[in-house]
2 protein chains.
Amino acid sequence: MTSLKKEGEGMTSKADILRQLRNEILTLELKPGSILSETALSERFEISRTPLRDVLKQLAHEGYIDVYPKRGNLVSYIDLESVEQIIYLRSTLEKDMIKNLASHASPLPLRGVLELKEILERQEETIEQEQEHAREAFLRLDDAFHKALFTLAGRVFLWDLIQQSNAHYARYRRLHLLKKEKLKEILAEHRLILDSVIGRNGEKIDEIVQHHLHEDINAAYLSENFAEYLNLPSFDSSEPADRT
Amino acid sequence: MTSLKKEGEGMTSKADILRQLRNEILTLELKPGSILSETALSERFEISRTPLRDVLKQLAHEGYIDVYPKRGNLVSYIDLESVEQIIYLRSTLEKDMIKNLASHASPLPLRGVLELKEILERQEETIEQEQEHAREAFLRLDDAFHKALFTLAGRVFLWDLIQQSNAHYARYRRLHLLKKEKLKEILAEHRLILDSVIGRNGEKIDEIVQHHLHEDINAAYLSENFAEYLNLPSFDSSEPADRT
DNA sequence: ATAGCTATTCTTGTATACAAGACTTGTCAA
DNA sequence: TTGACAAGTCTTGTATACAAGAATAGCTAT
């Protein structure tokens, strides 16, 4: 409902193009393996190849596409190894951050806490909705919640750093069909986390965050159902170029 | 002693140019505030502006330069906020990783342990040397040690991720004059860490790593002695452009 | 002397022509 | 049929001309 102007893509800046392409890849509208040709895209967005290459460079840097020199740019296949690394990174960081927020003496900014509460309220609203975009909204609010946590801990810098390598994890999450029960569980865990922070109680944070983020990577399940999206060893296709 | 071919920079690839510029900024040979003009650099490296802009884009992404649209590219001032964030990130991660290595049951690959030992031996050699480049060698070996730890823990992915935002921390370290005593202390801590890993004893890791990485940011000292290198609030100079 | 305007000269941003590698296709020969 | 080779056609990589914003210098008018 936001910006589906395929026809007559008028007056789009580089930042807009980047956002749009990133979003199309993220939501799997552009499937892994799709070709992103510079000339094709430059015609679609009515812009020359030079600025468009900047956008593709950025996408490559974030891991959304792989560049094969003189051959083409492909939407990258989801790499479960990257996913696992990001989960470990976030899990370790967020455990520590939340425990600090919970146990530490520093006063919590009221505004930050209110923002977290509001996000959870909005997230609850999306659960009952059955539409397709409601699930997407839920995931966006999930990101918003965690980003707000980083902000509250004074670590939004690290959130942004992680986002730079989020291409695989973000798509990985969207591979799971999130049933209503699962959504409720996620929301409940968010509430537990928030309560820990507010109530100054970091007791069970380790287990909560571990379970909340881990969502154990079920490689077997994913391989069976989404093999064409994944970067599996079998698919060897001559490694992409180094990001110089 | 490696590549000081200012004259007749023959046959340099993009990757070489990137490495060279990054290195010159890293070692403070190019001081914060220095102008990196596209045309000047393209003449110096005998290459056109197009590939050179790619290199500058990369440097900007890593935080080495700030791009002011239509005005110019400046070597960034060292940002102590970024430094603190990276220290927190590394400290939290490395504590967890080392404790896992120490306490966990997974067998240690012999090759990795030997590599760590060899690095420490080479690091000890550099301590006694008084030359300027010996200090630089010590720092490179410091990086090598920590990278090897990440590798041993199966987390080299995260090491590489952190390196992408290392421009400020890397220069920050080089602001401190490392006296022989300090170097010995660092080496001793490395030995403690390695012993913990080998001896399966994660007892005091938290304090060791905390102290090892923290090297408390002495803002007052830095401001007094290196004000012209730092990104201080006073210097307001209209924010650089967003990395689109 | 100084405020304000204008032309100039920097800078980076964009468009486009051309270079060069990689792959495909088709022809021809064995 | 199958192989090799070559022409052609994709792709991205590079060079360069031009556009346009930003800063500066210098002029003019008050």
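By convention in this document, chain letters (A, B, ...) are assigned in the order of the sequence lines, proteins followed by strands, and residues within each chain are numbered from 1.
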Is there a side-chain polar atom (N or O) of B:N73 under 4.0 Å from OP1 or OP2 of C:dT11?
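For C:dT11, neither OP1 nor OP2 has a side-chain N or O of B:N73 closer than 4.0 Å.
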
Using a heavy-atom cut-off of 4.0 Å across all strands, would you classify B:I35 as base, sugar-phosphate, or nothing?
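It contacts nothing in the nucleic acid.
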
Base, sugar-phosphate, or nothing: which does B:L74 touch, judged by heavy atoms less than 4.0 Å apart?
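Nothing, no nucleic acid heavy atom in range.
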
Side-chain donor-acceptor pair present, [X], [Y], cut-off under 3.5 Å:
| X | Y | value |
| --- | --- | --- |
| B:R171 | B:S76 | yes |
| A:E24 | A:Q20 | yes |
| B:D142 | B:H190 | yes |

Rounded off to whole Å, could you give me the [atom1]-to-[atom2] distance for the [X] and [N] pair?
| X | N | atom1 | atom2 | value |
| --- | --- | --- | --- | --- |
| B:E46 | D:dA15 | CD | C1' | 15 Å |
| A:K57 | D:dT14 | NZ | P | 8 Å |
| A:D66 | D:dT11 | CG | C1' | 16 Å |
| A:D54 | D:dT12 | CG | P | 15 Å |
| B:L52 | C:dT11 | CG | P | 14 Å |
| B:L56 | D:dT14 | CG | P | 14 Å |

Can A:R155 be said to sit on top of B:Y88's aromatic six-ring, NZ or CZ under 6.0 Å from centre and within 45° of the ring axis?
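Cation-pi check for A:R155 and B:Y88: passes.
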
Atom pairs, protein N/O to nucleotides 16-21 of chain C N/O, distance under 3.5 Å:
unit_1 : atom_1 : unit_2 : atom_2 : d
C:dT16 : O4     : A:T50  : OG1    : 3.2
C:dG21 : O4'    : A:K70  : NZ     : 3.2

List for me each residue that meets side-chain contact (heavy atoms from CB on, under 4.5 Å) alongside A:E38, sequence neighbours excluded, and say none if there are none.
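Per chain and number, A:E38 pairs via side-chain contact (heavy atoms from CB on, under 4.5 Å) with A:R49, A:R53, A:L56, A:N73.
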
Classify the ring geometry of B:H212 against B:H146: parallel below 30°, tilted from 30° to 60°, perpendicular beyond 60°.
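Taking B:H146 first and then B:H212, their aromatic rings lie parallel (interplane angle under 30°).
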
